[in-house]
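Below is one structure, written out as structure tokens; comments come after it.
Naming: A, B, ... by sequence-line order, numbering from 1 per chain.
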Number of protein chains: 2
Amino acid sequence: MRYATLGGMDAVDRQIIAALRANGRATYADLGRQVGLSASAVHERVGKLESSGVITGYHAVVDPPSVGLGVTALVGIQPTDTGDDDEIAAALGELPEVESCYAVAGDEAFVVKIRVATVDELERSLGRLRRIHGVARTRTTVVLSTRFEGRPNAPEPAPPPAVPDKSGA
Amino acid sequence: MRYATLGGMDAVDRQIIAALRANGRATYADLGRQVGLSASAVHERVGKLESSGVITGYHAVVDPPSVGLGVTALVGIQPTDTGDDDEIAAALGELPEVESCYAVAGDEAFVVKIRVATVDELERSLGRLRRIHGVARTRTTVVLSTRFEGRPNAPEPAPPPAVPDKSGA
DNA sequence: ATTGAAATCGGTTCGGC
DNA sequence: GCCGAACCGATTTCAAT
């Protein structure tokens, strides 16, 4: 039940997704070899995964220090009593140094991840965050090192369909 | 190791990087059109960016709920007095639900992002985290919604290199 | 470091199963 | 839905600059 109705995805789709998460530039021919289908079959499946919103894009991953972004921080954002979350989120989205923005449970409305070149820029960025309308306080956690980031993470190894069950699928 | 690559990177490299961050499956021919070089020149530049560690990989981005990962949480991890950070980080790396792991300043040694299917699994995952040798406490922040995540974030708006167009664009 | 040409290989469409 | 063939465009190598 947990797997059956996830957008009509089968085990092969999940294999393809895992392969594309590991290597976003894998060719259809490669993927076909990995999953045991022809390139054209994979092509069609990937197209459907893309247009159904399961795969939302493909991105190169860059070493941040190599592009001059050596400072990372996690910032909790506490709104004022009357602050509007959507308004704050929109303002956060305007700042290019804010890479990710999560609305969270707790007395902070958001936790954002920001990346800047220097601690000087971090200070300036925090000033910009605090100046956003509706923001009362920020709480900053400086990242000392990134041990790992954005790993694939399969939900579970794979559901072994030990006994085929035809009932009401 | 010092990142000597900032010295070796020019504006065209930054353009290529930005383009590949936006679309990790862009063809070399496409990239060449965007930056005003031939496909083979782009091919060589990208190869160097990859082997020098500036571009570390390419990944498909997947809508987490679509693959059965509907619950995200940020967890601060406080070690015991004698806990060894590297050992803890290694143990965190063994858990597939831990997507990212940052060593941070403050009384927590790490902040990790975890993704699981259900709150039930979240509870089990937190149990695993607490059972890691050297971990004293965890502090969990549940993500209610992801406003945005992993945006490109160029350090500079990318200066246009004034490429003369040959065929009336 | 870039180009353009040449050869290989993959992407994409389509007819058929 | 998948395959295989065919066509076309992209990748990749390379000599020359």
Side-chain angles (χ1 to χ4, degrees), chain A residues 3-61 66-67 158-159 161 164-166 169, chain B residues 4-61 66-67 158-169:
Chain A
Y3 290 98
T5 50
L6 273 183
M9 279 178 30
D10 64 7
V12 174
D13 283 327
R14 286 189 287 272
Q15 275 186 281
I16 291 171
I17 289 167
L20 282 172
R21 289 195 59 148
N23 176 14
R25 280 181 87 82
T27 66
Y28 295 122
D30 261 327
L31 296 169
R33 273 171 230 126
Q34 290 182 49
V35 305
L37 287 181
S38 68
S40 52
V42 173
H43 182 251
E44 177 162 349
R45 279 172 178 262
V46 171
K48 285 179 183 173
L49 290 170
E50 288 169 353
S51 57
S52 68
V54 176
I55 294 176
T56 61
Y58 303 88
H59 299 295
V61 179
S66 295
V67 292
D165 179 10
K166 306 177 193 174
Chain B
T5 35
L6 271 180
M9 277 182 33
D10 63 6
V12 174
D13 282 326
R14 284 190 287 273
Q15 275 186 283
I16 291 172
I17 289 168
L20 282 173
R21 290 196 60 151
N23 176 15
R25 280 181 87 84
T27 66
Y28 295 122
D30 260 328
L31 296 169
R33 274 171 228 125
Q34 290 182 48
V35 305
L37 286 181
S38 67
S40 51
V42 172
H43 182 250
E44 176 158 349
R45 278 174 178 261
V46 171
K48 286 179 181 173
L49 290 170
E50 287 169 354
S51 57
S52 69
V54 176
I55 294 176
T56 61
Y58 303 88
H59 297 297
V61 179
S66 294
V67 292
V163 162
D165 64 21
K166 306 177 181 179
S167 60

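Looking at heavy-atom distances under 4.0 Å, A/Ala29 makes contact with sugar-phosphate atoms alone, never a base.
Stem list for DNA chain D (at least 3 consecutive Watson-Crick or G-U pairs, distances under 3.5 Å): C:1-10 with D:8-17, C:12-17 with D:1-6.
Listed by first and then second residue, the ring-ring contact (aromatic ring centres under 6.0 Å, His included) pairs involving residues 13-50 of chain A are A/Tyr28-A/His43 (not counting sequence neighbours).
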*Using a 4.0 Å heavy-atom cut-off, write out nucleotides 12-17 of chain C from 5' to 3' as B (base contacted by protein), S (sugar-phosphate only) or - (no contact).*
SB----

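Applying the salt bridge (charged side-chain N to carboxylate O under 4.0 Å, His left out) criterion to A/Glu44, with sequence neighbours excluded, gives A/Lys48. Among residues two or more places apart in sequence or in another chain, the side chain to side chain donor-acceptor pair (under 3.5 Å) test is passed with B/Tyr58 by B/Glu50. A search for salt bridge (charged side-chain N to carboxylate O under 4.0 Å, His left out) contacts involving B/Arg25 returns nothing, not counting sequence neighbours. Remark: B/Val61 engages A/Thr56, A/His59 in a side chain to side chain contact (heavy atoms under 4.5 Å, CB included) (not counting sequence neighbours). Taking A/Arg21 as the reference, nothing meets the salt bridge (charged side-chain N to carboxylate O under 4.0 Å, His left out) condition, with sequence neighbours excluded. By the side chain to side chain donor-acceptor pair (under 3.5 Å) test, A/Asp30 is found to be paired with A/Thr27, A/Arg33, residues two or more places apart in sequence or in another chain being considered. Under the side chain to side chain donor-acceptor pair (under 3.5 Å) criterion, B/Ser38 pairs with B/Ser40, sequence neighbours left out.
Atom NZ of B/Lys48 is separated from atom C1' of C/dA1 by 7 Å (rounded to the nearest Å).
Read 5' to 3', the first and last nucleotides of DNA chain D with an atom closer than 4.0 Å to a heavy atom of chain B are D/dA10 to D/dT13.
Toward the 5' end of DNA chain D, the nearer of the two residues A/Arg25 and A/Glu44, judged by each one's closest nucleotide, is A/Glu44.
Note that the CG atom of A/Leu20 and the CD atom of A/Gln34 stand 8.5 Å from one another [nearest 0.5 Å].
Side chains of B/Arg45 and B/Leu31 form no contact here, defined as non-hydrogen atoms less than 4.5 Å apart.
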